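Remarks on the structure that follows.
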Amino acid sequence: MQNIKKGLLFIIAVFIGVAGYSQRASSLIINEVQTNNVNGLINKNGERVAWFEVYNPTAAPVNISGCYLTNDSLNLKKYRIIKGDHLTKIEPHQRLLFYCNSDTRNGVDYTNFGLVDSTANYLAIVSANGLDIIDEVKVPALGEDISWGCIYDGDKASRATLSHVTPNALNYIGSESSAEQKFKENDQYGIGMALTAMSVVFTALLCLFISFKIIGKIAIRITAARARRAAGVPKGTKVEPVETSGEVYAAIALALSLHEDNDHDYEETVLTMKKVEKRYSPWSSKIYNLRETPKKN
Amino acid sequence: MGDNSFLHFLGGNIMEFLSYTGFANVEIGNLFMILVGFFFMWLAVSKEFEPMLLIPIGFGILLGNIPFKDAGLEIGLYEEGSVLNILYDGVARGWYPPLIFLGIGAMTDFSSIIANPKLMLVGAAAQFGIFAAYAIALGLGFDPNQAASIGIIGGADGPTAILLSSKLAPNLMGAIAISAYSYMALVPVLQPPVMRALTTHQERTIKMKAPRVVSQTEKIIFPIVGVLLTCFIVPTGLPLLGMLFLGNLLKESGVTRRLAETAKGPMIDIVTILLGTMVGASTQAKYFLTGDSLLIFAIGAFSFIIATASGVCFVKIFNLFLKDGNKINPLIGNAGVSAVPHSARISQKLGLEYDPSNYLLMHAMGPNVAGVIGSAVAAGVLLGFLIK
C-alpha cells in the first residue's frame, strides 16, 4: 500500500511539474533587440530609434495588454502596455515591435524608456501582476546597426548577435524551418533524434505501464475483497480465485457469437408454402402504352 | 462565305474540345500510374490484400492520373475550390487521420495491455524502426522533415503516416502513404523470416500465463488516464491520441453504444473511402514518379524489418529480467509494430507452427495496441521537434 501511495504521489508530482512548465513555455519571448540604430528601421515619425521585438511562440493569439515592459530590474512596472489597442494582440508565431524613444505619445508600441547604445541593456516583459517575469534578457553592448536575439525565432537558447537585422520578420531566413535547420546542423546522422524521441516514447508508455500496474493491483484487491464478502469469509483470509477452464470460455464465446449472429436452433418465424399470384392489369402493360411499329403489307 | 466561317467555327470548336480531352494531354507517366492503380485494385480483388484501402487508393490513382488541360477548370486535386480539392483538405490539413483513430479507438479492446501492462514496453521498443529509417533517410540525403515522414512508415500505421507527412513533407505524402499501406498488407511476408532468424526453438515455444480478467472500471479508466499521461508528455500527439482514447471511452463506458457504433461503423467507413481515394488521387505521375519514391519504398521495407527485429530483440532482453513462468514469448515482439491485427495474427500463426497448443493471439494484441499508442506518440514527438 505504501508503494502504491508513493507511486500515485510521484505521478501527481510529474503532472504538476509538467503543467507548470508548459504554462511558462507558452509565454512571450524577447526575440530581437537593436540598441544602436543608425541606418536601420525608421519609425512612423521618421526617426531611427532603438527597438525590440516580442514574439508569440504559441499556436494561439496572445494579448499583451496589461503587461509591463522594463529596462530596469529594480522597477518591473516601468511601462504598462495600455488596453484597448488592436496592436497589443499578437497572432500565433507573429511579433510586435516596440520603439524605445522615451515618448509614449506616439502609441502603445512606443515605450517610456530608451536603451543605451554604448553599454549592456536589461530588458524584461513582466506579467500583468507586475511580479512575474515572462522573459528577461541582458543585451550586450552592440555596434552600429547590429541586432541581437534568437537566431531561431522563439528559441531562447539560440540567443546571439544576429547576422541580419530583421525587425518584424523571421530572424532565421532559409528554405527549411528553423527547427529542421537545427537538426540538420547538429544531428546529421539522426542519433540525437533517435535517442531523444525513443526516450520520450518509452517514458510515455512507461508511465502508462506504472499507472496500470498500480491500478491493476488495486483492482485485484477490490475483486478479492468482493469475493471474500460474497463467500462470507472474514477479513485477512485469502480466497483462492476459482479457475475456469478454457473449454468453459470457449462455450461462452460460441454462445455469444451465435446470439450476436442471430443463429438459433428454433426459428422465431414460420416458413410456409404460399402460391404467388401475379395479377395482370392492362394499365401496367407495355403493349397498351407504346405505339406499335407499323407493319408492312 | 457564310458556310466557310461556320465550318471554320465548328472545326475550331471540335479541335478545342479535343485539346481538353485526356487523350490530347496524356503522358507516359499517367499511363504508368493508371497501371499501378489497376495493380492495386487487382491485389485487393484477387488477393484480398487490404481491400478496404487498396480499392479506394487504386481507384483514386485512376482519378488523379486522368490527364486534362490545365485551363483553370477547377477539376484537379490541387486546384483550389475544386470538389476533389475540398475533399483533399482532410488529407492536406490532416483531419481525416484523427477521425480514423476515433473509429480505431472504438474498435480496440485494450484489455490485454491492462491485464499485462509490461507488454506496453514491447510496443515502445518496436518504434525504433521509425528512427532507424529516419537515420537512413538522412544518410541518403533527405532533409530532416522528409526523413521523419519516411521513418514513420516503420510505425506501420497509415493514418499516422499520412498525418505526419501532410505536415512535414506534403510532396512525399502519396509515396509514403502507399508505401505504409503496402507494407502493412505485406506483413505476412516481411515479418516471419525476421522472427525466425532472431529466435531459438525453445524461445518460440514459451507458453505465457493466461491474462487476468479485467474489470469494466479498469477499461473505463484506461482511456482517461491514457490520454492524460501521453498527451501531457507529448501534446503534439493530441489529435491522434485524443481521438483514439475518446473512441475507446465511447466503447468502454457502456452508455454511449450508439456513438461507439457510429464511430467504428459508418463514420470510419466514410472517412476510409475519402482518405483512400484522396491519397490515391494525390499520386499524380509528375509528383509520384520520381527517384525519391523508389527510395521511400526501399527505406519503408527496411523500417518494417528493423521495427520487427527491435520488438523481438527487446522481448529477448526483457526475458533476462523476468522470472520463469512470467517470461514473454519473443514471437509477440513483432506485434509491437501497430499493424492491427495483422502482426498479432503472425505471432499466433508462428506460435502454432512450433507448438499447436500455444495460442499467442491474445498476448500479441497487447504489444499490438501498445504499438498504436507508441507510433502516435512517436509521430507527436517528431512533429514537436520539427514543426516550428
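A quick note: this is a predicted structure, and the numbers were derived from the prediction, not measured. Naming convention: chains lettered A, B, ... in sequence-line order (proteins, then strands); numbering from 1 in each chain.
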Restricting to non-hydrogen atoms, name the atom on [X] and the atom on [Y] that form the minimum distance, rounded to 0.1 Å.
X	Y	value
D143(B)	K184(A)	OD1-NZ, 3.0 Å
A204(A)	V377(B)	CB-CG1, 4.1 Å
E218(B)	G216(A)	OE2-CA, 3.7 Å
L205(A)	G374(B)	CD1-CA, 3.9 Å

For this session: Mind checking the CG-CZ spacing from D187(A) to F385(B)? Nearest 0.5 Å is all I need.
Result: 10.0 Å
For this session: Name the option with the most non-hydrogen atom pairs under 4.5 Å to chain B; the candidates are K213(A), M193(A), Q188(A).
Result: M193(A)
Contacting region of [X] [heavy-atom separation from chain A under 4.5 Å]:
X	value
A137(B)	neither
V214(B)	neither
F314(B)	side chain
I373(B)	side chain
F128(B)	both

Exercise. Which bit of Y189(A) comes within less than 4.5 Å of chain B, counting heavy atoms only: side chain, backbone, both or neither?
Worked result: backbone
Exercise. Which bit of I222(A) comes within less than 4.5 Å of chain B, counting heavy atoms only: side chain, backbone, both or neither?
Worked result: neither
Which residues pass the salt bridge (charged side-chain N to carboxylate O under 4.0 Å, His left out) test with [X], sequence neighbours left out?
X	answer
E136(A)	none
E53(A)	R95(A)
D135(A)	K156(A), R159(A)

For this session: Tell me the residues of residues 195-202 of chain A whose non-hydrogen atoms fall below 4.5 Å from those of chain B, in number order.
Result: T196(A), A197(A), M198(A), V200(A), V201(A), F202(A)
